[in-house]
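Below: the structure, in C-alpha cells.
Sequence positions, counted from 1, serve as the residue numbers for this chain. Nothing here was measured: the structure is a model prediction, and the numbers come from that model.
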Amino acid sequence: MLARSAAVRRFARTDAVRLVVAAFLFTVALGGVLAIDALPGPLASPGAIVNDVATSDIRAPRAIKYESAEETRVRREAAREQVQPQYNYSADRGQLIANQQLAELESVVAPVDTAYSAVLTPDAREAALRAAMPGLSPTAQDTLSQLDGSQWAALGSELVRVLDATERGEVRDTLLTDVRASLGDEISIRFSVEQRALAQEILAPLVIPNSTFDAGATERARAEAANLIAPVSISIARGEIIVQRDQRIDDLAREKLSLFGLLDPRHDPLRAAGWLMLAGLVVVLLLAWVWRFRSQIWHRSSALLLIALVLIGASIALKVTGDRSVLPYVVPTAAVGLLLAVLLDAGAALMVMGVLALLGGAIIGSVEFATYVLFGGVAGIIVVRRGEKLSHFIQAAAAVAVVQIAVVTMFTLLGDRDFTGFFELAGAAIASAAGSAVAALGSFVILGNAFGITTSFRLLELANPSQPLLRRLLLETPGTYHHSLMVGNLAERAAEAIGADPLLARVAAYYHDVGKLSNPAAFIENQAANDNIHDELEPEQSVALLKAHVANGIDLAYKYKLPKPLIAFIPEHHGTALMSYFYARAQEQAIADAAALPGTPQAQEAAASVDAGRFRHAGPKPQSKEAAILMLADSVEA
C-alpha cells in the first residue's frame, strides 16, 4: 500500500509539462498585472497636461521617499533672502570718522565762537554771525543771530554730542539721507524748534557714511545661511495626489512627476522584474502545493484555470484601487475564499487566500492590509462551509465583517490612533464583507457551470424528485428508484461520518442506476412477481445485460445533461467488481459440460477455465471518497 501511494505521488513527466505550461501562463498573466505600474504612467496619454495645467488629479503610483533638490533649493533660497545685506562698519571705523567729523565741526563753528567772544556791537555781531555760516537758510540765519552767548554755548555742546553719537553708530551710505533728516529728532527737547532746526542744518553736511555695502561679506553670509539648510526629504504615499486637477504644475510638482516617470513615460525594468519574480514564486509554490496535496484539482485544467482567474481578478481590483487610501479595503477580497471553498474545497481556498493576502500587502505596501485580507478570508471560509444555504453566505459575511473590523481596530490601537480613519476603514470592512457575500453568491453557480464544477445548489436541484430523469426512474423502474433512495440514505450518513461530501454522495446515489431504465426487467428489484429472465439466459448473456446498464446510464446522463462529476459515479459505483453469482453459474456449467464430478481435479480444471475477467465490471475503481462510499452502500443495500 505504501509503495502504491508513493508511486501515485511521484512527479511524472506529464506533471512537469503541466507545471511548466501552467506556471508560465499564470506567471505571465499575474506578473503583467503586478508590473503594470512599471509601464508608462498616466501622463503618457496626450492631453493629461495642457499648458502646464493638470486636466485631472495625478496620483503617485507607488510610495517613495527621496531628497528633493527643488524643495531644498527653494528653502535655501528663502534662507538666503532672509540674510540682511552686509556692511563694512566697525566700532573702530566709527570712532575714527567721528573724531574726523568733530574736528570738522570745530572748524565750522569757530567763526561763530569768535563772533560771540569778541566785543562787538549788536549790529556788528549779527553781521559777523551771518558771515560765519553763509550756507544756512535765512530762517536758520535769523535763529542764529537771535542767540546770546550762553545759548550758543549750550547749542554748540549739543552739536558735538549729537555728531559724536551719530558717527560712532553705523551710518550706512544707503541710509545717509534718512539719517540726516532725523538729526533734528536727536537734539534735546530743551531747545526750541527753531534751534533744533538750526542744529540740523549745521550738522547735516557733517554727517557722512561710515558703513558701505560689502558684496563679498553679503554673499558669504547668504551662502552660510543656505548651507545650514539640510537636504529636504519628502515622503509620498501611494495614491497621494501630486497635482490636483486644474492646478498649474510648478517646479516641485514637475520634479515629483519626473521622479515617477510620469513626465517622460518609460519602463522600469528592474521594478517589473521584481514583480515578475514575486509572481513566479507565488505561482510555482501554489501549483506545487496543489500537486502535492490536491491531486484531484491538479489534474483538472478547469479547476486550475478557475484559481488563476479569481486570483488575477482580485489582483487587478487591488491594483486599480491601490492608489487610494480607503478604497482597497472596500474590495471584496473575501469573495475569493468563499468561491473556492464552495466550488473546490476549504484547503485550496485557504492557500489561495494566503497568496492573495501576500500580493495585497505587496501591492498596497501595508502589513495591515495583508492581515486584513488574510484574516477576513479565513473567517469567511470557516463559516461558509459548502454554501448549501443562503444563510451560510449571510453568516460568512457577518464573520468577515467582524474579523476585518477587529483587524482595523487592532492596527489603529498599535498605530497613530487616528479614530476618524478607523471609522472610515470600519465602514469599508462592512462594505467589503457584504460585497464578498453578494459576489460569491451571485457568481458561484455561473462559475461552477462554466468550469464544470457541480455546486451545492445544482446538486440540490438535481435531488428534487421532479427532475425528469428521476421521474422516469420512479415511474418505469420503481424498484430501482426505491433502491436508489435507500442507497442515498446510507451514503449520506457514511459521508457525514468520515468528512466526505454528504450531498454529493446522496445525489450520486439517486442517479447511479439510471441505466436500468433501458431494460428494467433485467434487474431483480423491478421484476416483482414476474419470472426472472436470467433463468432463461446463459451467464455470459446475463452479464452482458448487467454490464450494459453502466454504459446505458452514461448515455442517459449525457442526454439529460447531468454534470460530469456526477456521471463519473455511474461506472465507478461497481468498479471492477466480480459478478460472482453468474461467474459461479458459468463455472457450474463448465463442470457439467466437462462431465466431471464436483470436487474432482477435472471439475477444478473445468471451473478454472472460465475467464473471471469476462464477469467483472469494466470500472474504473472509485476515484473519490464519495464514489467508494456509494459502491459500499450499493453492495450493502443490495
Side-chain angles (χ1 to χ4, degrees), residues 26-39 41-42 57 59-63 237-239 275-276 278-279 282-283 286 305-343 348-381 384 393 396-397 400-401 403-404 407-408 424-444 446-447 450-451:
F26 196 174
T27 300
V28 169
L30 182 59
V33 171
L34 298 177
I36 192 68
D37 58 349
L39 301 176
D57 289 346
R59 297 177 181 269
R62 60 184 180 275
R238 179 184 178 87
W275 282 119
L276 285 173
L278 174 61
V282 163
V283 168
L286 177 59
L305 181 59
L306 173 64
I307 293 174
L309 287 180
V310 296
L311 190 57
I312 292 173
S315 299
I316 292 173
L318 293 177
K319 204 70 178 177
V320 170
T321 61
D323 57 354
R324 305 295 194 273
S325 58
V326 178
L327 200 55
Y329 289 82
V330 182
V331 176
T333 52
V336 171
L338 299 180
L339 279 172
L340 295 182
V342 171
L343 295 176
L350 286 172
M351 185 65 180
V352 175
M353 280 307 305
V355 170
L356 180 60
L358 172 65
L359 295 177
I363 292 170
I364 307 302
S366 169
V367 175
E368 174 184 354
F369 186 75
T371 308
Y372 175 90
V373 171
L374 178 61
F375 286 7
V378 170
I381 293 169
V384 77
F393 289 92
V400 171
V403 171
Q404 290 184 160
V407 171
V408 170
E424 292 179 352
L425 294 181
I430 295 173
S432 174
S436 296
V438 171
L441 182 61
S443 61
F444 87 98
I446 298 173
L447 290 176
F451 290 94

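Taking both residues in full, the closest heavy atoms of A439 and A335 are given as CB-CB, 4.1 Å, listed atom of the first, atom of the second, then distance. Scanning all heavy atoms of the two residues, the minimum distance from L338 to A440 falls at CB-CB, 3.7 Å. Across A397 and A437, no two heavy atoms sit closer than the pair CB-CB, 3.5 Å. Of all heavy-atom pairs between A396 and G380, the closest is CB-O, 3.9 Å. Taking both residues in full, the closest heavy atoms of M353 and V336 are given as SD-CB, 4.0 Å, listed atom of the first, atom of the second, then distance. Scanning both residues, L374 and G354, for their nearest heavy atoms gives CD1-CA, 3.8 Å.
Side-chain atoms of S436 come within 3.5 Å of backbone atoms of S432 as a donor-acceptor pair (strictly under, hydrogens ignored). Put simply, the side chain of Q404 never gets that close to the backbone of G376: no donor and acceptor are under 3.5 Å apart.
To the nearest 0.5 Å, the span separating CG on L34 from CD1 on I312 amounts to 9.5 Å. Taking CG of L359 as the start and CZ of F369 as the end, the distance is 11.0 Å to the nearest 0.5 Å. L358 CG to I363 CD1: the interatomic distance, rounded to the nearest 0.5 Å, is 9.5 Å. The distance from atom CE of M351 to atom CD1 of I381, rounded to the nearest 0.5 Å, is 12.0 Å. Going from atom CG of L311 over to atom CZ of F26 covers 4.5 Å, rounded to the nearest 0.5 Å. If you take CG on L343 and OG on S443, they are separated by 8.0 Å, rounding to the nearest 0.5 Å.
In this structure, L30 and L278 have side chains that are not in contact, with every pair of non-hydrogen atoms separated by 4.5 Å or more. At a threshold of 4.5 Å between non-hydrogen side-chain atoms, the residues Y372 and L425 do not count as touching. Counting heavy atoms from C-beta outward, V283 and V355 have side chains that stay 4.5 Å or more apart. Within the 4.5 Å cutoff, the side chain of V367 has heavy atoms near those of the T371 side chain.
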ask   = So L447 and L339, side-chain contact (heavy atoms from CB on, under 4.5 Å) or not? Walk me through it.
value = CA-CA 9 Å; L447 290 176; L339 279 172; 3.9 Å; yes
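Evaluated for a side chain to side chain contact (heavy atoms under 4.5 Å, CB included) with V33, the options L318, I316, V28 yield exactly one hit, I316.
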